[in-house]
Amino acid sequence: MSATGEPIRKVVIVGGGTAGWMTAAALSRLTAAGVSVTLVESDEIGTIGVGEATIPSLLDFNRMLGIDEDDFVRATRATFKLGIQFRNWARLGDEYLHPFGVHGRDVGGVSFHQLWLRQTHDGATAYDPGPIEDYCLSAVAAREGRFTRPSSNPAAVLSTLSYAFHFDAGLYASFLRDYAADGGVERIEGRVVTVDQHPETGLIEAVTLADGQRLDGDLFIDCSGFRALLLGETLGVPFTSWQHWLPCDRAWAVPSARLGDAVPYTRATAGSAGWRWRIPLQHRVGNGHVYSSQHLDDDQALRDLLGGLDGTPLAEPRQLRFVAGRRDRLWEGNCVAIGLSGGFLEPLESTSIHLIQSGITRLMSLFPNGAVDPVEVAEYNRLMLREYDHVRDFIILHYHATNRSDSPFWNACRTMELPPSLTAKLALWSGKARLLREAGELFTPDSWIAVLLGQRIRPSAFDPLAAALPMMESARLMAHLRDIVAKTAAAMPSHEQFIAEHCAAVGVRDLQVTI
């Protein structure tokens, strides 16, 4: 990419892993237009590879690539995910689900959660509405270990089901590597040792590998992980830390043998200074412990993880060190950062792969055809930074919305000063349970409702429009919806049965350890 505005002819992706190969797969369509796409990665440099849980937006990415879902599930030894189960977050012993999909259905322009809140506030009828999860098909199916794909009929309750995946991130990268190669992407093995910049413009001109090979390009994609070789080390784009809001800065990760059936949800169990994840795959279970090193030492964190495993460890635990935050810009000159090179937010809501996908799709929509356009670069950065901020606020909510006071960690989280954007959102909720979603915001009001109510943050009132529906009519409607959701879930096959019939990985049973 030059100041003369010559067309883009060479794209160089620095780094592999999930971010690199998702980018390469998406950009492979450019090869038909005469653009060369090269990915350089080194086998000497390991990948993080612990992000094994996703959110429903990944379905859109795979469909964009024309990937057959059953083939993808088999290749990555995936299971299906209907949401996240949270344990011990508001109080010790508490448990709730953040499901994908919607709760109930709106009536006359009134949100369902307002009707539910009115029923719980008023108490004028004998009808007990029960937990709001009972009105979400994804939540009920998850609790009962059931799964099927949604209906295409918008009138059917089954159309409200939404899902994502648990998969082996390394196998997904390999799957996309083959896809990208078929699309004309060239892979070069090597370690980047120097980055050459234009002496006047500062644009990146080439990267040189340890063996002396020089790769010149017009557009460079930084997928080099936490190091941020191009955007950070070379171009000097600053990193803004969010550790004062998100104090967890380390994690242990270890796979374990799978015992019994795989549940269709991720589990996040809060501990004394962080939380532990459990992600079931077809052939094993992914486990990890995310924690604050200021509140828990490494050895105890590892003991907590190993002591909570369901099955035998299948490898040596690996430790990861990180700081939550993001770069101040994700596109600088002719370099775009995708994945960890642009920012990191802990995997509590499985957003890492989504942020990779979001960066890729926005790059595709603003792909340059010549010289750097400052307007397009500014728009890319505005959209991406706003999305990081939205996700940050949602994750902070989990830590702050707690009644726990059993450790210094939870005392600090409960009493911390919040970002103004989150403070404003909570103020709207605390009055009349109002949630206004900004354009492009990732998490829906249903997601906020699930976490807020799940963590005991109840509003003082409800929308007065909810009182326009007579109480008994509201009770009958809710009872009907609850019954339909329960019956629809009961008619679904089990999660294990669905996988066995449609997308079981070849030979996966031989890889499991059973008792």
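Ring centroid separation for the pair F394 and W448 comes in under the 6.0 Å cut-off. Aromatic rings from H495 and Y163 are positioned such that their centres are separated by 6.0 Å or more.
Judged by distance alone, the side chain of T423 and the main-chain N or O of P419 form a donor-acceptor pair under 3.5 Å. A side-chain donor-acceptor contact under 3.5 Å links H113 to the backbone of A433. Under the 3.5 Å distance criterion, the side-chain polar atoms of Q455 are matched with a main-chain donor or acceptor of A401. A distance-only check finds no donor-acceptor pair linking the side chain of S292 to the backbone of C248 [under 3.5 Å]. Of the possible polar contacts, none joining the Y380 side chain to the F367 backbone as a donor-acceptor pair under 3.5 Å is found. The closest donor-acceptor contact from the side chain of T18 to the backbone of A173 lies at 3.5 Å or more, if one exists at all. Side-chain N or O atoms of H121 include one that pairs as donor or acceptor with a backbone N or O of L117 at under 3.5 Å. Remark: side-chain polar atoms of S138 are paired, donor with acceptor, to backbone N or O of S162 under 3.5 angstrom. In this structure, the side chain of S407 engages the main chain of S272 through a donor-acceptor pair within 3.5 Å. At distances below 3.5 Å, not a single donor-acceptor pair connects side-chain atoms of S256 with backbone N or O atoms of T312.
Considering all non-hydrogen atoms of both residues, S341 and A337 come closest at OG-CB, 3.5 Å. The minimum heavy-atom distance linking L435 with P445 is given by the pair CD1-O, 3.7 Å. Minimum heavy-atom separation, S474 to L115: OG-CB, 4.3 Å. Minimum interatomic distance between L306 and P313 (heavy atoms only, all atoms of both residues): CD2-CG, 4.3 Å. Closest approach of L58 to T54, counting heavy atoms only: CD2-CG2, 3.8 Å. Here the closest non-hydrogen pair linking W277 and G286 is CD1-O, 3.5 Å.
Looking at heavy atoms from C-beta onward, Q85 lies out of side-chain contact with R143 at the 4.5 angstrom threshold. The closest side-chain heavy-atom distance from M492 to L137 is below 4.5 Å. Contact annotation: the side chain of V391 never approaches that of H354 to less than 4.5 Å [non-hydrogen atoms, C-beta and beyond]. Within the 4.5 Å cutoff, no side-chain heavy atoms of T488 are placed close to those of L161. The closest side-chain heavy-atom distance from L477 to R105 is below 4.5 Å. Contact check for M478 versus W116: side-chain heavy atoms found under the 4.5 Å cut-off. Residues R456 and D94 meet the side-chain proximity criterion, which asks for heavy atoms closer than 4.5 Å. Between P247 and Y399, the closest side-chain pair of non-hydrogen atoms is not below 4.5 Å.
Below 30°, between 30° and 60°, or above 60°: for Y135 and F112 the angle between ring planes is between 30° and 60°, a tilted geometry. Ring planes of F443 and H98: tilted class, angle from 30 to 60°. Ring geometry for H289 against Y291 counts as tilted: the plane angle lies between 30° and 60°, on a 0 to 90° scale.
Here the CG-NE2 distance, from L481 to H103, works out to 12.5 Å after rounding to the nearest 0.5 Å. The CG atom of L363 lies 11.0 Å from the OG atom of S358; values are rounded to the nearest 0.5 Å. Note that the CG atom of L39 and the CG atom of L27 stand 10.0 Å from one another [nearest 0.5 Å]. Distance CZ/F409 to CZ/R414: 12.0 Å, rounded to 0.5 Å. Distance OG1/T76 to CG/L281: 8.5 Å, rounded to 0.5 Å. If you take CG on D249 and CG on L320, they are separated by 11.5 Å, rounding to the nearest 0.5 Å.
There is no side-chain donor-acceptor pair under 3.5 Å between Y172 and E52. Side-chain atoms of T266 and H166 form a donor-acceptor pair, as typed in the model, at a separation below 3.5 Å.
By the side chain to side chain contact (heavy atoms under 4.5 Å, CB included) test, L385 is found to be paired with R326, L330, residues two or more places apart in sequence or in another chain being considered. Among residues two or more places apart in sequence or in another chain, the side chain to side chain contact (heavy atoms under 4.5 Å, CB included) test is passed with P464 by K432, R434.
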Report task. For side chain to side chain contact (heavy atoms under 4.5 Å, CB included), just list the numbers for Q114 and R118, CA-CA rounded to whole Å, side-chain angles, deciding distance to a tenth of an Å, and then say yes or no. Result -> CA-CA 6 Å; Q114 296 286 1; R118 181 206 181 192; over 6 Å; no
Requested in this report: Tell me, with the steps shown, if W89 and L348 meet side chain to side chain contact (heavy atoms under 4.5 Å, CB included).
Outcome: CA-CA 12 Å; W89 283 82; L348 183 60; 3.6 Å; yes
Query raised in the report: Can you list the steps and then say if F344 with L246 is a side chain to side chain contact (heavy atoms under 4.5 Å, CB included)?
Result: CA-CA 11 Å; F344 177 80; L246 297 169; over 6 Å; no
Query - Candidate pair R29 and M64, rule side chain to side chain contact (heavy atoms under 4.5 Å, CB included), full reasoning - result: CA-CA 11 Å; R29 66 181 62 185; M64 179 189 76; 3.4 Å; yes
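A salt bridge does not link D389 with R386: every distance from a Lys NZ or Arg NE/NH1/NH2 to an Asp or Glu carboxylate oxygen is 4.0 Å or more. Between R482 and D128, no side-chain nitrogen of the basic residue sits less than 4.0 Å from a carboxylate oxygen of the acidic one, so the salt-bridge criterion is not met.
With F165 as the fixed residue, the ring-ring contact (aromatic ring centres under 6.0 Å, His included) test singles out one of F72, F61, Y265: F72. When L176, L65, I338 are each tested for a side chain to side chain contact (heavy atoms under 4.5 Å, CB included) with M22, only one passes: L176. Tested against D168 for a side chain to side chain donor-acceptor pair (under 3.5 Å), the candidates R284, R77, Q282 yield a single pass: R284. When T269, N287, D310 are each tested for a side chain to side chain donor-acceptor pair (under 3.5 Å) with R278, only one passes: D310.
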